[in-house]
Amino acid sequence: MLIVKKFGGTSVANAERIFNVAKRVIESYKEGHKIIVVLSAQGDTTDELIEKAAEINTNASKREMDMLLSTGEQQSVALMAMAIQKLGYPAVSLNAFQCDIYSTSTYGNAHIKNISTERIGEELEKNNIVIITGFQGVNRNSDVTTLGRGGSDTSAVALAAKLNADLCEIYTDVDGVYTADPRIVKNARKLSEISYDEMLELASLGAKVLHNRSVELAKKYNVNLVVRSSLTRDEGTIVKEESAVEKMLVNGVAVDKDIARIALVGLKDEPGIAFKVFSLLAKNKISVDIILQSIGRGNTKDISFTVSITDLKSVLDIFEANKNRFNYEDILYNDKVAKVSIVGGSMATNPGVAAAMFEALYDENINIKMISTSEIKISILVKENEADRAANAIHDRFRLDQVK
Ligand code: ADP
Ligand code: ASP
Ligand code: MG
């Protein structure tokens, strides 16, 4: 079999963990499989590099940020190759440049476009365990790009898809996908399987156990995907087309604390304003999530929306630069908010789900700042320091700890 095994930052945080991974990889190699290992940067390396950059320039260009951040993954792969070699097995590390992982140009949030498998194939042919940097790509200027925070999962799935791997295993610091982040909701339940669509929704709503684009790719190319622990031998969670086991009203709760709300106050109440606001953001490649427009008063109205926290500064800069065009009275922001969402395939056909969710929050005396719904999810915005309590209350309300 050809197996892609991806290990996250915690799993390779120090020498001991690296050897732990090396041994697990070798075990699989000895069973006769061809192995590709994809790694993240060790521990908190990526965060530390971001802090280092800020000490030098808080306005560093995205190109230079990628040049810096991509070094974290490069350290991991070299160290892993050394560990495997030390244990007496053949290994070679490759970065994105060496194995031609071509991406779009957008620094900091590039998408993988293509991977040329020649070099990887050659190395596998030589019976090497091939260790590849996650999170990195190379754009058409031959510059290093990164795929967005958590992007190593996407590197692994893209490689598995391109190489037609039999299996793609995502090893992390939890032993599978749960009904909610087990660090926040203590009685969250591990799922034996979950469908691509539900996983995609959870990942997009903040359950960072898988990078959302990795799930998108897995669905598109039907990759055999499993999430499991690098520290225990427990069976993980299978992510697949249709999950027959779980057909529940609500499948999971997701919390996203990395968002901010922005309000444009006192905009002119006339046709085309929303179009102008959001097309300006789209032109700057800023994704907007929950949107709320107030009822007009006099000749003005307010529009508020949420964005990823990493885009907050850009958004404020963009509107500052376009102040004359929009003529708003004020621009306000709040980065101490969080989004709590529930996901479930059969929500649309079951009335009362939203009411039950809101009741759980009412019982906890938690105020809802914004609401957004779709056929398969309901999201609410709350104060960041109330998000964990909200997630627990909702999880309890739908009894997600129990198998239905
Ligand atoms: P890695 O470094 O291995 O990529 P991440 O920190 O990116 O690990 O993702 C794993 C984390 O995702 C877990 O430690 C857990 O706190 C969090 N998480 C959020 N939602 C869920 C969920 N529904 N199931 C499991 N883990 C979740
Ligand atoms: N090292 C990167 C990050 O911290 C990528 C990853 O871990 O997947 O976001
Ligand atoms: Mg991750």
Side-chain angles (χ1 to χ4, degrees), residues 5-13 17 21 38-51 65-66 68-77 96 108-110 132-137 145-158 169-194 198-215 226-231 234 236-237 239 246 250-258 308 310 338-343 387-388 391 394-395 400-401:
K5 294 171 184 281
K6 179 261 169 178
F7 295 86
T10 326
S11 308
V12 294
R17 294 269 172 90
V21 168
V38 176
L39 299 182
S40 293
Q42 290 185 281
D44 295 328
T45 302
T46 310
D47 290 326
E48 286 159 14
L49 289 171
I50 291 172
E51 280 165 25
M65 283 307 289
D66 279 3
L68 181 68
L69 296 193
S70 58
T71 61
E73 272 64 19
Q74 201 154 320
Q75 292 181 20
S76 295
V77 292
N109 192 22
I132 300 177
T133 49
F135 189 49
Q136 293 186 5
T145 57
T146 64
L147 309 181
R149 296 306 304 269
S152 298
D153 300 330
T154 299
S155 310
V157 174
E169 296 175 306
I170 307 287
Y171 287 87
T172 180
D173 54 6
V174 282
D175 56 2
V177 179
Y178 281 70
T179 49
D181 186 338
R183 289 179 209 289
I184 296 177
V185 177
K186 289 295 168 225
N187 60 355
R189 181 169 50 86
K190 191 171 110 185
L191 301 166
S192 55
E193 36 180 80
I194 185 168
E198 284 155 358
M199 188 64 237
L200 183 57
E201 205 63 30
L202 278 179
S204 309
L205 291 168
K208 63 176 185 157
V209 61
L210 283 177
H211 192 231
N212 59 352
R213 279 210 305 283
S214 74
V215 189
V226 73
V227 178
R228 51 190 306 195
S229 163
S230 66
L231 299 167
D234 296 346
T237 301
V239 189
E246 313 258 345
V250 174
N251 291 86
V253 179
V255 178
D256 189 351
K257 296 179 182 169
D258 296 328
S308 154
T310 48
K339 184 172 62 169
V340 181
S341 312
I342 53 175
V343 172
D388 291 2
I394 295 165
H395 196 273
L400 297 184
D401 58 323

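First listed ligand is number 1; within each ligand, the first listed atom is number 1.
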Revision key, fill the gap. Sorted by chain and number, sequence neighbours left out, ring pair (Phe, Tyr, Trp, His ring centres under 6.0 Å) with F7 holds for Y171

Exercise for review: Would you confirm whether T133, through its side chain, and Q74, through its main-chain N or O, come within 3.5 Å as a donor-acceptor pair?
Suggested key: no

Study note, to complete from the structure: So the atoms of ligand 2 within less than 4.0 Å of a heavy atom of S40 turn out to be 6 (C), 7 (O), 8 (O)

Review point. Quick one: are L400 and V250 in side-chain contact, heavy atoms under 4.5 Å?
Key: yes

Study note, to complete from the structure: For S152, the atoms of ligand 2 under 4.0 Å from one of its heavy atoms are 5 (C), 6 (C), 8 (O)

Exercise for review: Ignoring hydrogens and angles, state whether a donor on the side chain of S214 or D153 is under 3.5 Å from an acceptor on the partner side chain.
Suggested key: no

Review point. If you measure from the Lys or Arg side-chain nitrogens to the Asp or Glu carboxylate oxygens, is any gap between D173 and R183 under 4.0 Å?
Key: yes

Point to revise | Test item: side-chain donor near acceptor, D66 and T145, under 3.5 Å | key: no

Does ligand 1 have any N/O atom under 3.5 Å from a protein N/O, and what are those pairs and their distances?
unit_1, atom_1, unit_2, atom_2, d
ligand 1, 2 (O), G9, N, 3.2
ligand 1, 3 (O), T172, OG1, 2.7
ligand 1, 4 (O), K6, NZ, 3.1
ligand 1, 7 (O), K208, O, 3.4
ligand 1, 8 (O), T172, OG1, 3.1
ligand 1, 9 (O), K208, O, 3.4
ligand 1, 14 (O), D173, OD1, 2.8
ligand 1, 14 (O), R183, NE, 2.9
ligand 1, 14 (O), R183, NH2, 2.7
ligand 1, 16 (O), D181, OD1, 2.8
ligand 1, 16 (O), D181, OD2, 3.2
ligand 1, 16 (O), R183, NE, 2.9
ligand 1, 23 (N), Y178, O, 3.0
ligand 1, 24 (N), Y178, N, 2.9

Check your understanding: Under 4.0 Å from ligand 2, counting heavy atoms only, is it the side chain of H211, its backbone, both or neither?
Key -> neither

Exercise for review: Check ligand 2 against G150 and write out every atom of the ligand that is under 4.0 Å from a heavy-atom position of the residue.
Suggested key: 3 (C), 5 (C), 6 (C), 8 (O), 9 (O)

Exercise for review: Using non-hydrogen atoms of the residue, decide whether G151 is closer than 4.0 angstrom to ligand 2.
Suggested key: yes

**Study point:** pair L69-F135: side-chain heavy atoms closer than 4.5 Å
**Key:** yes

Check your understanding: Minimum heavy-atom separation for S152 to V38, with atom names?
Key -> O-CG1, 3.9 Å

Exercise for review: Identify, for atom 9 (O) of ligand 2, the protein heavy atom at the shortest distance, and state residue, atom and that distance.
Suggested key: R149 NE, 2.7 Å

Practice item. Return a yes/no value for D153: is any of its N or O atoms, backbone included, closer than 3.5 angstrom to an N or O of ligand 2? Key: no

Review point. Is the closest basic N to carboxylate O distance between D401 and K186 below 4.0 Å?
Key: no

